[in-house]
Amino acid sequence: MIEQKLLEKACECVKQLYGQEVVQNQIGLEKTKKEIAGDFTLVIFPLVKISHKSPEITAREIGDALLKSMPEIADFKVIKGFLNITLSNPFWIGFLKNNTNKRDFGFQRKQHQKPVVLEYSSPNTNKPLHLGHIRNNILGYSLAEILRANGYKVIRVNLVNDRGIHICKSMLAYHKWGNNETPVSSGIKGDHLIGKYYVLFNEHYKAEIHNLMDKGLTEEEAEKQAPLILEAQDILRKWEAKDDETLKLWEKMNGWVYAGFDETYRKLGITFDKIYYESATYLLGKKLIKEGLENGTLIEKDDGSVWADLRNEGLDEKLLLRSDGTSVYITQDIGTAQLRFDDFHPSSMIYVVGNEQNYHFDVLQRILKKLGKEYAAYIHHLSYGMVELPQGKMKSREGTVVDADDLMEEMFANAESTTRELGKADELGGNEADQLFRTIALGALKYFILKVDPKKNMLFDPRESIDFNGNTGPFIQYTHARIQSLLRKSMVAGNVHTCEKISLHTPLLPIEKEILKKLYIFPDVVKQAGDEMSPAVVANYVYDLAKGFNQFYQEIPVLKEEDTEKRILRLALTSFSGEVIKKSMAMLGIEVPQKM
RNA sequence: GGUCCCGUAGCUCAGCUGGAUAGAGCAACAGCCUUCUAAGCUGUGGGCCGCGCGUUCGAAUCGCGCCGGGAUCACCA
């Protein structure tokens with residue numbers, strides 16, 4: 001890495017010139033601003049204390065010394081305390097020749113020993129997936145790709161919340177009013193069908209509450225005493241007691257939901273390596289809690305409920321088992337964490353879960369630590385922000401929840417109409433065209449969401465999401481298609497795509513060097529995205545690269561360049577840009593077309 | 001009320017491990033297709049970087065205090 005070498009040499013020069021050791025982080029190294037001549041800039045303000053000379057003179061002295069000791073440096077210019085260094089053409093062209101066509105350019109070659117377990121999606125089986133889940137899923141999938149590029153073995157897991165009071169509500173509603181309806185008999189996708197009964201439960205439940213309140217109960221009392229909720233709780237107890245009939249209904253209904261989820265995941269292009277079910281992990285959670293109770297780290301109250309006391313850690317008491325012995329949400333999370341650790345012995349366990357659960361994960365980690373689990377320290381909550389709509393938060397009560405299946409359908413229809421209007425589907429067969437529409441629709445949707453910093457809340461404006469111009473997925477896909485078109489035509493024209501022929505001393509236009517500089521930082525981008533667990537880093541980078549390539553493409557000829565040496569150089573740049581765009585998009589879980 | 005997150009152009013977002021005149025896209029306006037894909041490119045206008053104080057040679061970036069918005073603190077998940 002040339003940056004490392006620049007810093008090392010700069011330190012040596014400082015020592016030679018001023019007789020004092022400096023550490024590298026006393027010198028700031030950054031990319032030179034676009035408007036200023038130079039490739040890298042050393043910020044030497046901090047060194048004037050050592051040189052006892054003005055910033056300009058100090059910069060010039062260091063620049064002179066560097067120029068002598070590093071053949072890669074062609075020139076430098078000093079502006080105030082900024083030493084702007086220009087690297088030689090042989091350096092840049094050498095970089096191009098050494099890295100284009102390299103399968104692993106930008107990726108970490110060294111593999112970490114222990115795997116990372118990455119959880120995302122984590123749906124409840126009482127309703128279909130919505131826009132919030134889409135953010136979760138594509139974040140998780142992308143993060144897996146990014147970590148993989150950083151040399152981690154990633155085990156992608158899904159944790160299905162298939163048990164609990166919410167499922168019992170759907171079951172009860174179906175039992176009462178379902179008339180043995182099935183996805184087949186109703187023509188409704190399984191997850192949507194179950195969602196319908198969850199809504200139905202809540203409608204009736206609300207009516208009962210109003211009824212009781214009319215009879216003089218407080219809202220809180222009414223919520224607890226409504227017959228429907230009591231029945232649902234009864235079903236939960238029966239379920240935990242393994243009541244045969246209850247289990248049968250539960251299995252049947254969950255089966256429908258899974259079929260529905262599978263379809264949605266398939267359409268979204270989301271996959272998992274392993275699926276955990278809460279129904280299979282909550283017992284282990286209970287067992288661990290019992291152990292904690294026996295060794296005194298947890299406490300049992302008079303009514304039989306079990307708690308973790310976190311008050312001396314600045315938090316509150318946390319319920320772990322209800323007084324009737326049934327388990328709550330965190331019970332299974334304790335079991336699941338143990339199971340994951342036993343299954344994979346990972347170096348870290350990452351959970352992609354919304355920031356509304358920050359407190360939950362804080363508590364989970366502390367409880368596991370209290371229970372003496374070393375893997376408590378491995379837990380990392382990738383907390384992402386809420387997705388809001390122009391009219392505000394999504395509310396199921398107000399029917400403003402954006403359904404995942406509907407949304408993808410709309411995106412697809414939109415990709416189709418826009419593509420047809422532009423006449424880009426004219427030469428494609430039906431299958432091929434559908435594939436392209438799907439690629440563009442998903443590209444638009446995924447990029448729209450991933451370009452935003454995960455930890456921030458984001459606004460999902462449907463009007464903007466179907467815009468395919470500017471900073472969008474389709475813009476980047478289009479750039480890739482343009483590149484491939486150029487390369488195809490180049491082959492036909494008989495150009496040789498070997499960059500070995502390029503002379504290290506071929507002159508470089510500023511626009512060509514701009515692209516090279518963007519390509520040069522790709523490995524840093526991959527690392528930064530991994531360190532920060534942020535697909536947005538990759539998204540913003542690949543947009544910048546695509547934009548840069550389009551400028552290059554528009555400003556100067558590639559195939560039509562008559563000078564062979566220049567033409568081959570530009571083709572190599574084109575091909576390299578295409579490779580990096582493709583790799584970046586792959587890290588976002590987005591496909592790039594050959595034509596569009 | 002306690003804890004945590006966010007506040008940058010009309011709108012959506014970058015930049016935040018301190019550095020040069022704060023960047024994109026959308027929207028508005030003006031140009032560029034007989035030449036490699038116009039889902040493109042070029043240009044114009046648009047900013048007390050929420051407010052104040054502090055640290056520093058230097059603050060959108062770090063610290064403290066306000067103001068505004070959000071999340072959470074369930075025998076819900």
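What you see is a predicted model; the values in this text were computed from it and never measured. Just so it is clear: chains get the letters A, B, ... in the order the sequence lines come, proteins before strands, and each one is counted from 1.
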If I pick the [atom1] atom on [M] and the same atom on [N], what distance separates them, to the nearest angstrom?
| N | M | atom1 | result |
| --- | --- | --- | --- |
| B:A77 | B:C73 | C1' | 15 Å |
| B:C57 | B:G50 | C1' | 28 Å |
| B:C4 | B:C13 | C1' | 23 Å |
| B:A24 | B:C5 | P | 31 Å |
| B:A59 | B:G52 | P | 14 Å |
| B:C66 | B:C29 | P | 46 Å |
| B:G10 | B:G45 | C1' | 13 Å |
| B:C33 | B:A22 | C1' | 35 Å |

Quick check: any donor-acceptor pair below 3.5 Å linking the side-chain of [X] to the base of [N]?
| X | N | result |
| --- | --- | --- |
| A:Lys424 | B:U37 | yes |
| A:Asn84 | B:A20 | yes |
| A:Thr41 | B:A20 | yes |
| A:Thr419 | B:A39 | yes |

Counting only heavy atoms from other residues, nucleotides and ligands, does the tally under 6.0 Å from [atom1] of [X] exceed 12?
| X | atom1 | value |
| --- | --- | --- |
| A:Lys517 | NZ | yes |
| A:Glu562 | CD | no |
| A:Glu591 | CD | no |

What distance separates A:Asn126 CG from A:Cys168 SG, expressed to the nearest 0.5 Å?
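SG of A:Cys168 is found 10.5 Å from CG of A:Asn126.
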Just how far is it from atom OG of A:Ser490 to atom CG of A:Leu571, taken to the nearest 0.5 Å?
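So the gap between those two atoms works out to 4.0 Å.
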Do A:Asp467 and A:Arg463 meet the salt-bridge criterion of a basic N to acidic O distance under 4.0 Å?
no
Would you tell me if any nitrogen or oxygen in the side chain of [X] comes within less than 4.0 Å of OP1 or OP2 on [N]?
| X | N | value |
| --- | --- | --- |
| A:Arg322 | B:A77 | yes |
| A:Arg482 | B:A38 | yes |
| A:Ser485 | B:U37 | yes |
| A:Lys169 | B:C76 | no |
| A:Gln357 | B:U72 | no |
| A:Lys33 | B:G19 | no |
| A:Tyr478 | B:A39 | yes |
| A:Lys456 | B:G7 | yes |
| A:Asn469 | B:G40 | yes |
| A:Lys393 | B:A71 | yes |
| A:Lys127 | B:A77 | no |

Any base atoms under 4.0 Å from [X], or only sugar-phosphate, or nothing? Heavy atoms, all strands.
| X | value |
| --- | --- |
| A:Ile165 | sugar-phosphate |
| A:Leu422 | base |
| A:Tyr553 | base |
| A:Val558 | base |
| A:Asp531 | nothing |
| A:Gln477 | nothing |
| A:Pro55 | nothing |
| A:Asp461 | nothing |
| A:Leu310 | nothing |
| A:Ile330 | nothing |
| A:Glu388 | nothing |
| A:Met458 | sugar-phosphate |
| A:Ile440 | base |
| A:Ala481 | base |

Without decimals, in angstroms, what is the distance between [X] [atom1] and [N] [atom2]?
| X | N | atom1 | atom2 | answer |
| --- | --- | --- | --- | --- |
| A:Asp362 | B:C73 | CG | P | 12 Å |
| A:Ile79 | B:A20 | CD1 | C1' | 8 Å |
| A:Ile466 | B:A39 | CD1 | C1' | 14 Å |
| A:Glu220 | B:A74 | CD | P | 12 Å |
| A:Gln365 | B:C4 | CD | P | 16 Å |

Begin from the C-alpha positions of A:Trp239 and A:Tyr282 and carry the test ring pair (Phe, Tyr, Trp, His ring centres under 6.0 Å) through to its verdict.
CA-CA 13 Å; A:Trp239 185 91; A:Tyr282 82 103; 5.5 Å; yes
Any side-chain donor near an acceptor of the partner, [X] and [Y], under 3.5 Å:
| X | Y | value |
| --- | --- | --- |
| A:His204 | A:Glu208 | no |
| A:Asp333 | A:His360 | yes |
| A:Ser327 | A:Arg163 | yes |

Verify stack between A:Phe45 ring and B:G19 base, 5.5 Å, 30 degrees:
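Here the ring of A:Phe45 and the base of B:G19 are stacked, with centres under 5.5 Å and planes under 30°.
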With centres under 5.5 Å and planes under 30° as the test, does A:Phe82 stack with B:A20?
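Yes, aromatic ring over the base.
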What is the base-pairing partner of B:C62, counting Watson-Crick and G-U wobble geometry with both distances under 3.5 Å?
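Result: B:G54.
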Complementary nucleotide of B:C26, counting Watson-Crick and G-U pairs under 3.5 Å:
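B:G10 is the nucleotide pairing with B:C26.
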Could you work out which one of B:C4, B:U37, B:A74 sits closest to the side chain of A:Lys595?
B:U37
Where the chi angle of B:C16 falls, syn if within 90° of 0 and anti if not:
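Anti, since the glycosidic angle lies more than 90° from 0.
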Ring geometry between A:Tyr543 and A:Phe475 (parallel below 30°, tilted from 30 to 60°, perpendicular above 60°):
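Correct class here is tilted.
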Given RNA chain B, 5'-ward residue of the pair A:Glu278 and A:Glu356, judged by closest heavy atom
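Nearer the 5' end of the strand: A:Glu356.
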Can you list, by residue number, the residues of residues 442-454 of chain A that have a non-hydrogen atom closer than 4.0 angstrom to RNA chain B?
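Those residues are A:Val452, A:Asp453.
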Partner of A:Leu83 by side chain to side chain contact (heavy atoms under 4.5 Å, CB included), out of A:Thr58, A:Leu42, A:Thr41:
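Single side chain to side chain contact (heavy atoms under 4.5 Å, CB included) partner of A:Leu83 among A:Thr58, A:Leu42, A:Thr41: A:Leu42.
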